[in-house]
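Just below is one structure, and these are the notes that go with it.
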Protein chains: 2
Amino acid sequence: MAAAPRTRIQNEKREIILDAALDVFSAHGFRGSTIDQIADAAGMSKPNLLYYFRRKEDIHEALLSRLLEAWLAPLRAIESTGDPLTEIRGYIRRKLEMSRDYPRESRLFANEMLQGAPRVMPMLEGELRRLVDEKAAVIRSWIRAGRIAETDPYHLIFSLWATTQHYADFDVQVRAVLGPERGGDQRFEDAARFLEQLFVGALTPAGK
Amino acid sequence: MAAAPRTRIQNEKREIILDAALDVFSAHGFRGSTIDQIADAAGMSKPNLLYYFRRKEDIHEALLSRLLEAWLAPLRAIESTGDPLTEIRGYIRRKLEMSRDYPRESRLFANEMLQGAPRVMPMLEGELRRLVDEKAAVIRSWIRAGRIAETDPYHLIFSLWATTQHYADFDVQVRAVLGPERGGDQRFEDAARFLEQLFVGALTPAGK
DNA sequence: CGCAAATTTGACCGGTTGGACAAACGTTAG
DNA sequence: CTAACGTTTGTCCAACCGGTCAAATTTGCG
């Protein structure tokens, strides 16, 4: 495996291309995007772009593999040794920050899911599944210890994903419904407050 | 407005085309789908398909307008006169049934959102926004009457949408994580149980 | 049946798309 | 300075795409 040596310009231009491609792919999906669109957005000619990435799919692949790393990080950060409700609140906050700061990445992932995950299926069935199994076991141990209410750990995780990613993937809808006055930047703070209340409220054990 | 008279064959074939197009559009989005793909899936030649729908966009438009009606119905069905927690449980059940029985429609809508809602923006800012405002007022009246806990009605609605639609839009991921044994049909029953617990648990007023 | 209207098909068209290629242009290290 | 290497561009191509059209076929009705 000889590592391809990269020049300074190569590193810069590849970064510009990936950023432009993220715009395009996250909005139109792989098939719905064209190399010309990406080249335009990157401010270069199509042949020039193809000098840095030989095929359209190479760009998409680079984006996805980079995304998947960042995708699992917040879940991995949940510690079995911490206070359960604090850990979950922290997870909500991290995922919500990702929706606010990296909405295009979230939409790229959503696009991949809608298409049936043709390119990331092995990762879903492998790495992701193992990680979720592991964290589900942690949640179950919290339940057994009476530190959170009895609940289905898998569907709890799905709900955390769904509610937080919603603010990136369905951003247009959220903003349209809230209107200009309530749809400003503070919608993420409102969401954080609401979601912490929702999950903490439902997970606080009956005793307390 | 002269209603275009339709023959029996026209009604049947248009239905077949719309069904095939729903398959294709919901997986690849508008730009990522081709007339040939749809014609193939519908079992007819491209010119034949274009005899029933003159333009690709006409098919997409027909699907969307049909979808939007069904989309608002469950929310509309929430009655201010009913028992709050029963109404919300019913809403969860109806939305979850839609995710189970009409996942392609959900994905078509999700695709439209990811693309920035170019074709349904007026509906989001008009009809949808008005309806959500109306139901948010209902929820607020429940809160004022002390029948459910204090909460943000808009983000509550977003969470209900997100959690229920997740089982259609991210179906691949849900099935991959649950695996073959737990990812069978009963995942919707498990989800219903979990979500009712989640929202009822968080919304039950402090007194009770 | 027999005929008009509805349906289906194959051939075709102009524009777009992903990608190849060689020539021109820049950069940089000796 | 200059040769070698890295970068950029214009041109080109075959496949694909949305859509047209006229001819052929089928259907429904008196």
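Since the model is a prediction, treat every value here as computed from it, not as a measurement. Chain identifiers are assigned alphabetically (A, B, ...) following the order of the sequence lines, protein sequences preceding nucleic acid strands; residue numbering begins at 1 within each chain.
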Discussion item. With a cut-off of less than 4.0 Å, is there a side-chain N or O of Lys13(B) near OP1 or OP2 of dT8(C)?
Written reply: yes

Worksheet item: Taking only N and O in the side chain of Arg55(A), is any of them less than 4.0 Å away from OP1 or OP2 of dT17(C)?
Response: no

Fill in: Out of dG18(D), dT9(D), dG18(C), whichever nucleotide has its closest atom nearest the side chain of Lys46(B)
dG18(D)

Discussion item. When you measure from the side-chain N and O atoms of Tyr51(B) to the phosphate of dT8(C), is any distance below 4.0 Å, counting only OP1 and OP2?
Written reply: no

Practice prompt. Quick one: sort the Phe158(A) and His155(A) rings into parallel, tilted or perpendicular, breaks at 30° and 60°.
Written response: perpendicular

Worksheet item: Is any side-chain N or O of Tyr52(B) closer than 4.0 Å to OP1 or OP2 of dT8(C)?
Response: yes

Discussion item. Within the 3.5 Å criterion, strictly below it, is a donor on Tyr102(B) or Trp71(B) matched to an acceptor on the partner's side chain?
Written reply: no

Discussion item. Rounding to an integer number of Å, can you tell me how far Arg54(A) CZ sits from dC21(C) C1'?
Written reply: 13 Å

Discussion item. Closest approach to the side chain of Ile35(A), judged atom by atom: which nucleotide of dT7(C), dG19(C), dC17(D) is it?
Written reply: dG19(C)

Item to complete: Using only side-chain N and O atoms of Gln10(B), determine if any of them is under 4.0 Å from OP1 or OP2 of dT7(C).
Response: yes

Worksheet item: Are any of Ser45(B)'s side-chain N or O atoms less than 4.0 Å away from OP1 or OP2 of dT9(C)?
Response: yes

Practice prompt. Verify the distance criterion only: is there a donor paired with an acceptor across the side chains of Asn48(B) and Ser45(B) at less than 3.5 Å?
Written response: no

Worksheet item: Would you say the side chains of Tyr154(B) and Asp133(B) form a donor-acceptor pair under 3.5 Å?
Response: yes

